[in-house]
Amino acid sequence: MMNPLIMVKADYRAMRGSAWAVVLLVAFAVAIGVALSAQEKALRTGTTRAAADFDLVIGAAGSATQLVMTTVYLQPEALPLMPGEILKSLGTDPRVKAFAPIAFGDVVRGYPVIGTTPDFVTRWGRYDAPMQGRFFSGENEAVIGHDVAMQLGEEIIPAHGLGSDNSAKGAPSALEASHRHETTRLRVVGRLPATGSPWDKAILVPIESVWETHGFGNGHRQDGRIGAPFDAETVPPLPAIVVKPHRIADAYALRSDHRKNGLMALFPAEILVSLYRNLGDVRDAMLVASILNGVLILGAVILLIVALFSLRRRSYALLRALGASALYSGAVAWLGAFGLIAVGCLAGLALGWVLTAALSLWLSTQTGLDLHLSPDWTQTLPALLLLLAGSLFAGLPAVMAYRLSLHEALRGE
Amino acid sequence: MGLSGQITALRLDVTQPDASPLRILDLPHLALDAGEVIGISGPSGSGKTSLLHCLAGLMRPTSGAILWNERDIAALPTDACDLWRREHVALVFQDFQLIPELSVMENMALPQFFSQWRLTDTQKDSLHKQGLQLGLNNLHQRASSLSRGEQQRVAVARSLWHQPDLILADEPTASLDRVHADKVMQALLEHARQHRTTLIVASHDPAVLGLMDRVIGLENGRTATGQAVS
Ligand SMILES: Nc1ncnc2c1ncn2[C@@H]1O[C@H](COP(=O)(O)OP(=O)(O)O)[C@@H](O)[C@H]1O
Ligand SMILES: [Mg+2]
């Protein structure tokens, strides 16, 4: 069997730095393609997973995106309030399986304190028990999200949330200390399982506790009760309600019922879909850009290969002068070029994954979303395409070797 | 076949393929018998290299024929011509034409890799012997690290080792001192005698030309003198 590798070795040795240039060029092109598509997918699944328990969200009329961002992703923004009486009507609505008011505003050591009900803390009964300890059972108790750096049994004092406070989560802050609601003391009694959402870095307390802290009463006729039904004469106002309808038809009916009288109702999943649609346009543009990128890289690689070939034309002429078959010199040229592109593609895939992992880590800390990467063969597609196109052009030097005038290439002087 | 190695150039004519056609070679007739040892002499630019390349099929004559055992090499398709060269011809190029990035041994045995994955121990032994005959002791050195004289000897060793029927040596002693030049000529002649190989040596060196059966003088691509030296 013929051994073209000995000449490939010689070619690589002769090329030295230029060989690395080809490899790096291909590697970067592939890495960028992989990173973009992997990141997009991770973001999509991460955001969808985070919205899982939010079937229908009701709020005061305003920005739909803002309502979703604040309730599902806990992006701190002041939402307009709606009258608490809606809680009464939802409580008697046969289409509603369960519902939970949500209140925001306070913080402890940078973690948002969220007022809600046992129904939502158990994620509509999906959790029988927390990961550690127990669920809250009174106004002075709190459960913490999976990633909150606190101990069970710890006593915490909520402080009025301040948008300007940029201290890191988990760190005590002077600003926070000066805004504490000193009369409210909460004990951490449980830790929730991970949801892969920003709720993992939140402190959940009975909504009654939030209302009382701010002097609204507790929403019940009887003191000491927590959760639905809310039967007080006047139920305090609140920014958002998450509703679990019985059936899909109920969900649509409830949504249209709560779209009037200064209210707004929406399906977060639907908002995400429209968001993805916009992202989809971006993705299409990115696809075109990355194809263009690939074509440019391929062009550059071909030029480089051709230029390198002209530098090596004497050795190809020599091969033919020594009687090498077209198959042999073709194999040398093809393997040489293909080897560089293939190594570049492999390095690019590896680099792409590292890049994606790093980007995910950064995005996770920024958004609180769990953006773990799932290997996906479609992400190797740009690399495979480049390899395929490369392998077509890799034969170019062999064709050129055939058009050489051996006499001129080897005449000397 | 007793015919092996017989080469004839008939009405060999090469012109430069330019706007102003310059005649490079214009030979009426040249016939060599198998095992014959021929010298080509002439000042530089007289067409020695062109003639050797023509005979090796590296350059097609504009008109005329090159007969190898009655087969016209000049009329062969490229592939067939390359294959014929692989089977019968070895060139010692004026500029040696080694692959600098390969070792001496890899350079000497290069054509072997066209059909073989690795060299056998027997082949390596014979490569070492061939090297030693020309004063090359270390075959594992890169060709790029050699002096010009050593490179020239590697080029000669490569042509000899493959045991061709026709050796075309283009000024094979130009970069060598007397001692090594003698070694090279001795090796070439010995090989020609032993294997009935046709040997054509282009050279200016009277000492080299003196060893030839016959010397053809070239001048501006034409035969100047056809002196027989025995
Ligand atoms: N491919 C070519 N293009 C232009 N001129 C050439 C070419 N080949 C040979 N010549 C010319 O032909 C003549 C003979 O050259 P060459 O065969 O190299 O002579 P020598 O080997 O005797 O020095 C020179 O004048 C040279 O310039
Ligand atoms: Mg010459």
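All figures in this text were calculated on a predicted structure; none of them were measured in a lab. Each chain gets a letter, A, B and so on, in the order the sequences are listed, and its residues count up from 1.
For A/R312, the part lying under 4.5 angstrom from a heavy atom of chain B is the side chain only. Of the atoms belonging to A/R320, heavy atoms from both backbone and side chain fall under 4.5 Å from chain B. With a 4.5 Å cut-off on non-hydrogen atoms, B/L98 touches chain A through its backbone but not through its side chain. Heavy atoms of A/A409 lying under 4.5 Å from chain B belong exclusively to its backbone. The parts of B/S50 that come within reach of chain A are both its backbone and its side chain, each placing non-hydrogen atoms under 4.5 angstrom from that chain. Residue A/L327: no heavy atom, backbone or side chain, is found under 4.5 Å from chain B. Contact annotation for A/I6: both backbone and side-chain heavy atoms come within less than 4.5 Å of a heavy atom of chain B.
Enclosure of atom CD in B/E87 by more than 12 non-hydrogen atoms of other residues, nucleotides or ligands within 6.0 angstrom is indicated. A 6.0 Å sphere centred on CH2 of A/W20 holds no more than 12 heavy atoms belonging to other residues, nucleotides or ligands.
Between A/L388 atom CG and A/I341 atom CD1 the span is 10.5 Å, to the nearest 0.5 Å. Once rounded to the nearest 0.5 Å, the distance linking CD1 of A/I32 with CG of A/L351 reads 9.0 Å. Atom OH in A/Y12 sits 7.5 Å away from atom CG in A/L335 (nearest 0.5 Å). A distance of 12.0 Å separates CD of A/E408 from CG of B/L58, quoted to the nearest 0.5 Å. Separation of atoms CG (B/D95) and CD (B/E171) is listed at 10.0 Å; rounding is to 0.5 Å.
Ring pair B/W68/B/H88 is tilted by interplanar angle, where 30° to 60° counts as tilted. Ring geometry for A/F338 against A/W334 counts as parallel: the plane angle stays under 30°, on a 0 to 90° scale with 60° as the upper cut.
Put simply, of B/R158, B/R142, B/Q112, the one with the most heavy-atom pairs under 4.5 Å next to chain A is B/R142. For the options B/T78, B/T49, B/V89, B/L91, heavy-atom pairs under 4.5 Å to chain A are most numerous at B/T78.
Inter-residue side-chain proximity for B/R71 and B/L76 is flagged as met; some heavy-atom pair is nearer than 4.5 Å.
The interface of residues 113-131 of chain B with chain A, defined by heavy-atom distances below 4.5 Å, comprises B/F113, B/F114, B/S115, B/Q116, B/W117.
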